[in-house]
Amino acid sequence: MKRTLWIIPCLLMAMTTVGCNGSESVTDNPPSDVDNELKSIEITADELQLVKSGNDFAFNLFRQAATGQTAPLKGKSVILSPISITYALGMLNNGAAGETQQQINQVLGFDDAASVNAFCRKMLTEAPSLDKLTKVLISNNIYVNKDYTLNPGFVTKARDYYDATPESRDFHDGQTMDVINKWAADHTEQMIPKVLDEQTFDAEAVSYLLNAIYFKGSWSEKFDKSQTKDEPFEGAAGKVPMMHQNKEFAYTEDDLCQALRMPYGNGAYTMTVLLPREGKTVAEVAAALTAEKWQSIFRYMDEAIVDVKLPRFESNTDVELNSIMSALGMPLAFSDFAQFPEFCDTATKIGFMKQVARIKLNEEGTEAAAVTVIGMNEVTSVGQEPRHVNFHATRPFLYVISEQSTGAIFFMGTYTGN
């Protein structure tokens with residue numbers, strides 16, 4: 001019997017297994033299924049509300065960056081990591097005060113800085129151990145211009161909640177930009193080799209705060225490479241390599257889209273693909289997404305034998321976030337009226353904020369990474385007989401990578417064939 005999905009599910013894929021500061025949870029000898037029991041993150045009702053609020057931020061971010069009328073990435077294949085932005089801003093938020101801090105909290109979907117810290121600490125601590133076959137690394141770092149001093153209270157919170165140990169450097173040494181880029185590469189398994197260049201690195205900056213997230217997950221049901229064929233894809237210049245399998249997956253549909261959930265490893269992390277109906281667009285699906293709708297997808301899904309066609313692809317995103325985050329509701333942080341009195345020994349504002357992200361999806365699984373960098377400047381200016389359905393992603397679609405027990409979104413994206 002068909003169930004109707006009225007609350008449109010999903011968005012992007014989320015990368016998996018988290019290991020803080022480069023710790024790894026994937027062994028060289030993969031354990032058996034018995035050794036890799038599915039685990040969940042235990043959260044309170046209040047913490048669940050924080051996750052829902054954080055997911056609302058994820059959907060708002062995606063719409064602002066990728067599908068809105070003035071979105072800078074509109075029409076392109078996009079990969080973003082909302083949780084990476086949460087980590088970078090969460091660290092910085094401990095240096096904010098007044099209306100500046102209130103705006104940051106509101107945009108991220110949290111009541112206060114303490115709630116952001118607690119959420120980030122919990123995910124950092126527990127996400128790595130959920131699936132031994134999925135690797136997730138979450139790392140944070142802060143580089144400080146030697147001419148400035150961070151406030152001791154800010155440093156303590158950066159260490160206690162984010163495992164970040166600030167490093168003082170001479171930004172005029174001709175090496176700092178390369179050091180920051182090497183840190184980004186090392187903490188994303190070389191997927192993100194560069195986040196700053198001569199145009200974006202500022203030797204006069206007060207500080208650079210960074211978060212890196214790396215995900216590598218193997219499909220629970222891998223695609224057979226021999227079944228991959230070049231096929232047309234709506235909007236693509238030519239044919240794309242289309243993977244194919246016919247297996248049992250969690251699935252639902254409504255008049256706007258089809259929703260397919262594909263697990264990695266033991267199922268602790270999943271990718272949800274939202275395929276718009278013929279005549280519908282990615283933007284229309286994205287416009288319907290809220291945290292409530294995202295949560296409801298799991299209630300409406302049931303098992304079905306799904307004939308899956310999904311492109312094998314790679315995509316990259318490099319996007320400045322100043323205007324996007326300002327439009328979402330935190331313009332003060334970028335202005336000369338910014339309030340960061342707890343950050344360091346001088347008045348500062350966000351001068352530069354960007355994210356670089358990359359995803360590789362193939363027959364074996366998914367590898368994804370993102371680095372968010374913030375440059376601080378001194379202020380101057382379910383149970384029936386499975387049905388059989390087709391899920392042929394031969395036109396632009398959305399995807400979300402998320403943690404199963406909480407629904408927390410790690411990565412979100414679109415594939416447009418371009």
Side-chain angles (χ1 to χ4, degrees), residues 10 12-19 24-39 77 79 127-128 130-137 189 191 214-231 233 239-252 258-275 298 301-315 358-369 386-394 397-404 410-413 415:
C10 10
L12 301 166
M13 320 170 76
M15 303 184 179
T16 327
T17 54
V18 175
E24 300 185 5
S25 62
V26 176
T27 62
D28 292 333
N29 299 310
S32 67
D33 291 340
V34 175
D35 297 323
N36 196 27
E37 181 182 356
L38 176 62
K39 299 178 181 178
S77 293
I79 171 68
L130 297 178
D131 183 356
K132 295 177 182 178
L133 294 178
T134 302
K135 181 176 184 178
V136 174
L137 308 177
E189 303 290 299
M191 284 197 79
Y214 173 80
F215 169 92
K216 187 172 185 178
S218 297
W219 300 121
S220 300
E221 297 288 349
K222 294 181 175 60
F223 290 84
D224 183 346
K225 291 182 180 180
S226 69
Q227 299 299 309
T228 300
K229 310 292 182 185
D230 288 344
E231 296 187 22
F233 186 92
K239 293 183 177 181
V240 303
M242 192 69 67
M243 306 183 298
H244 178 256
Q245 65 171 298
N246 192 285
K247 296 283 179 62
E248 188 171 291
F249 292 106
Y251 173 86
T252 191
Q258 295 174 271
L260 173 72
R261 192 171 75 233
M262 302 177 64
Y264 300 99
N266 65 5
Y269 294 89
T270 64
M271 174 185 283
T272 303
V273 184
L274 297 179
L275 178 64
F298 299 100
M301 278 186 158
D302 53 17
E303 296 298 315
I305 304 299
V306 186
D307 190 76
V308 181
K309 288 187 177 182
L310 191 67
R312 183 180 69 211
F313 69 89
E314 298 185 24
S315 65
R358 183 182 178 194
I359 185 169
K360 295 164 60 177
L361 185 148
N362 58 29
E363 291 86 352
E364 297 294 319
T366 305
E367 186 177 20
R387 55 197 165 119
H388 292 254
V389 297
N390 290 331
F391 190 93
H392 295 171
T394 57
F397 57 85
L398 300 162
Y399 60 89
V400 180
I401 296 175
S402 62
E403 192 277 318
Q404 176 75 357
F410 279 58
F411 292 86
M412 305 173 7
Y415 179 70

Over all atoms of both residues, closest heavy-atom pair of Ala369 and Met191
CB-CB, 3.9 Å

Heavy-atom check, side chain of Leu275 versus side chain of Phe391, under 4.5 Å:
yes

With Glu364, which residues qualify under salt bridge (charged side-chain N to carboxylate O under 4.0 Å, His left out), at least two apart?
none

If I compare all heavy atoms of Pro263 with all of Gly267, which pair ends up nearest, and what's the gap?
CB-CA, 4.0 Å

Is there a side-chain contact between Met242 and Phe233 (heavy atoms, below 4.5 Å)?
yes

If you take all heavy atoms of Glu363 and Trp219, which pair is closest and at what distance?
O-CD1, 3.2 Å

May I ask you to test the Val240-Phe313 pair for a side-chain heavy-atom distance under 4.5 Å?
no

Between Gln258 (side chain) and Asn390 (backbone), is there a donor-acceptor pair under 3.5 Å?
yes

Do Ile305 and Asn246 come close enough that some side-chain heavy atom pair is under 4.5 Å?
yes

Nearest 0.5 Å, what's the OH-CZ distance between Tyr214 and Arg358?
10.0 Å

State, with a plain yes or no, whether a side-chain heavy atom of Leu260 is found less than 4.5 Å away from one of Thr272.
no

Using 0.5 Å steps for rounding, measure from the CD atom of Glu37 to the NZ atom of Lys132.
9.5 Å

Apply side chain to side chain contact (heavy atoms under 4.5 Å, CB included) to the pair Phe411 and Ile359, showing each step before the final yes or no.
CA-CA 9 Å; Phe411 292 86; Ile359 185 169; over 6 Å; no

To the nearest 0.5 Å, what is the distance between CD (Gln404) and CG (Leu130)?
11.0 Å

Any donor-acceptor pair under 3.5 Å linking the side chain of Asp131 with the backbone of Asn266?
yes

May I ask you to test the Thr228-Arg312 pair for a side-chain heavy-atom distance under 4.5 Å?
yes

Ignoring hydrogens and angles, state whether a donor on the side chain of His244 or Asp307 is under 3.5 Å from an acceptor on the partner side chain.
yes

Note: Glu221-Lys247 ion pair, threshold 4.0 Å (strictly below):
yes

From NZ (Lys360) to OG (Ser315), nearest 0.5 Å
12.0 Å

Counting C-beta onward and ignoring hydrogens, is there a side-chain heavy-atom pair between Pro311 and Phe397 closer than 4.5 Å?
yes

Indicate whether any N or O donor in one side chain lies under 3.5 Å from an N or O acceptor in the other, for Glu231 and Thr394.
no

With no hydrogens and no angle check, do the side chains of Thr366 and Tyr264 hold a donor and an acceptor under 3.5 Å apart?
yes

Sorted by chain and number, sequence neighbours left out, salt bridge (charged side-chain N to carboxylate O under 4.0 Å, His left out) with Lys222 holds for none

I want to check something: taking the side chain as every heavy atom from C-beta on, are Gln227 and Lys309 in contact at a cut-off of under 4.5 Å?
no

I need the Leu310 CG to Tyr415 OH distance, nearest 0.5 Å.
10.0 Å

How close do Asp230 and Pro241 get, heavy atom to heavy atom, and via which atoms?
OD1-CA, 3.5 Å

Mutual orientation of the aromatic rings belonging to Tyr269 and Phe410 [parallel < 30°, tilted 30-60°, perpendicular > 60°]
perpendicular

Please list, chain by chain and in numerical order, all residues satisfying side-chain contact (heavy atoms from CB on, under 4.5 Å) with Ala250, sequence neighbours excluded.
Arg261, Met301, Glu303

Would you give the length of the straight line joining atom CD of Glu403 to atom OG1 of Thr270, rounded to the nearest 0.5 angstrom?
8.5 Å

